[in-house]
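See structure below.
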Amino acid sequence: MARPRPQYFIHLEQQVWQALVDGDAEADRSLLADDFLGVYPDGFAGLDEHVEQFASEPTVSTFSVNRPRWIELGDEAHLLCYEARFRRPGSDELHRMYVSSLWQRIDGRWVNTFSQDTPAAT
């Protein structure tokens, strides 16, 4: 099997962001591992906590993935790091953070197993 190129993981990451824009909990759930762990400024989140953010409405209105860096950890694991810029619904304020997402091939499909968000300095 050919090794995925960095753009493949950027595309997967953009799908997670698009689920936030669309308020699509099922799309989000399908991209994350059952034992997903998110590390965020406000604490830890598992799969259910990550998906629950869609309970009432979309959480992001626009986003961009900038300055991606990619580390191949082996045939079955790749780390994508990048600067995210996004806006919340109803707000013009631009937020920036640095994201590290670990993508692993589990049972023949790529899923996000770990993500850490670090707020960017203002």
Side-chain angles (χ1 to χ4, degrees):
M1 175 181 285
R3 290 185 175 177
R5 314 258 311 141
Q7 188 59 39
Y8 180 78
F9 298 99
I10 294 168
H11 177 71
L12 288 173
E13 195 74 18
Q14 289 170 329
Q15 288 180 45
V16 173
W17 279 97
Q18 192 60 49
L20 297 172
V21 170
D22 296 340
D24 189 341
E26 288 311 308
D28 185 58
R29 184 178 295 278
S30 73
L31 293 160
L32 305 179
D34 291 340
D35 60 350
F36 170 82
L37 175 62
V39 178
Y40 306 117
D42 60 347
F44 298 109
L47 174 63
D48 290 336
E49 290 89 1
H50 193 275
V51 173
E52 283 175 8
Q53 65 186 313
F54 300 105
S56 59
E57 60 189 20
T59 58
V60 172
S61 59
T62 64
F63 71 90
S64 63
V65 172
N66 306 293
R67 300 174 21 213
R69 311 280 165 101
W70 178 66
I71 302 171
E72 184 176 341
L73 301 173
D75 291 341
E76 307 293 317
H78 298 264
L79 182 66
L80 175 65
C81 302
Y82 61 94
E83 177 200 43
R85 295 180 183 201
F86 64 97
R87 288 186 170 85
R88 300 280 184 201
S91 174
D92 289 331
E93 181 183 359
L94 182 65
H95 299 273
R96 289 183 337 129
M97 67 182 166
Y98 292 96
V99 180
S100 297
S101 288
L102 179 61
W103 290 89
Q104 292 182 268
R105 187 171 22 218
I106 299 175
D107 297 329
R109 69 184 192 94
W110 289 98
V111 291
N112 187 227
T113 58
F114 173 82
S115 183
Q116 181 166 359
D117 298 353
T118 304
T122 55

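- Side chain of S64 to main chain of N66: no donor-acceptor pair is present (N/O by atom type, distance under 3.5 Å, no hydrogens or angles).
- When the side chains of ILVMFWY residues are joined at heavy-atom separations under 4.5 Å, either directly or via intervening members, V51 and Y40 end up in a single hydrophobic cluster.
- Between P89 and P58, the shortest heavy-atom contact is CG-O, 3.5 Å.
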Practice task
List the steps, then state whether side-chain contact (heavy atoms from CB on, under 4.5 Å) holds for Q18 with F63.
Solution key: CA-CA 8 Å; Q18 192 60 49; F63 71 90; 3.6 Å; yes
Show me the donor-acceptor pairs within less than 3.5 Å that the side chains of residues 27-34 make with the rest of the protein, sequence neighbours left out.
from: D28; atom 1: OD1; to: H50; atom 2: ND1; distance (Å): 3.3
from: D28; atom 1: OD2; to: H50; atom 2: ND1; distance (Å): 2.7
from: R29; atom 1: NH1; to: D48; atom 2: OD1; distance (Å): 3.4
from: S30; atom 1: OG; to: A27; atom 2: O; distance (Å): 2.8

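- Residues P68 and L80 form a side-chain contact, since some pair of their non-hydrogen atoms from C-beta on lies under 4.5 Å apart.
- In this structure, R69 contributes its side chain and Y82 its backbone to no donor-acceptor pair below 3.5 Å.
- The hydrophobic cluster containing I71 also includes L37, V39, F44, L73, L79, L102, F114, under a criterion of side-chain heavy atoms closer than 4.5 Å among ILVMFWY residues, counted directly or through chains of members.
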Problem - Candidate pair H78 and W110, rule side-chain contact (heavy atoms from CB on, under 4.5 Å), full reasoning - result: CA-CA 10 Å; H78 298 264; W110 289 98; 3.2 Å; yes
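- For D107, the CG atom sits in a loose shell: 12 or fewer heavy atoms of surrounding residues, nucleotides or ligands are nearer than 6.0 Å.
- The line from OG of S101 to CZ of F36 is 7.0 Å long, rounded to the nearest 0.5 Å.
- A side-chain donor from one of Q15 and H11 sits under 3.5 Å from a side-chain acceptor of the other.
- The CH2 atom of W70 sits 6.5 Å away from atom CZ of F9, with the distance rounded to the nearest 0.5 Å.
- Expressed to the nearest 0.5 Å, how far CG of L94 lies from CZ of R85 amounts to 6.5 Å.
- Of all heavy-atom pairs spanning R88 and S61, the tightest one is O-OG, 3.4 Å.
- Taking CD1 of I106 as the reference point, atom OG1 of T113 lies at 6.0 Å (rounded to 0.5 Å).
- Ion pairing of E83 with R96 is present here, as a side-chain N (NZ or NE/NH1/NH2) and a carboxylate O approach within less than 4.0 Å.
- In terms of hydrophobic clustering, with Ile, Leu, Val, Met, Phe, Trp and Tyr side chains grouped at heavy-atom distances under 4.5 Å, L47 and V111 are assigned to different clusters.
- Partners of R87 according to the salt bridge (Lys or Arg N to Asp or Glu O under 4.0 Å) rule, which considers only residues two or more places apart in sequence or in another chain, do not exist here.
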Practice task
Just do the side-chain contact (heavy atoms from CB on, under 4.5 Å) check on E76 and Q104 with the steps written out, would you?
Solution key: CA-CA 5 Å; E76 307 293 317; Q104 292 182 268; 5.8 Å; no
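- Here OG1 of T59 is found 4.5 Å from CD of Q53. Values are rounded to the nearest 0.5 Å.
- No path of Ile, Leu, Val, Met, Phe, Trp and Tyr side chains, each step under 4.5 Å between heavy atoms, connects W103 with Y98, placing them in separate hydrophobic clusters.
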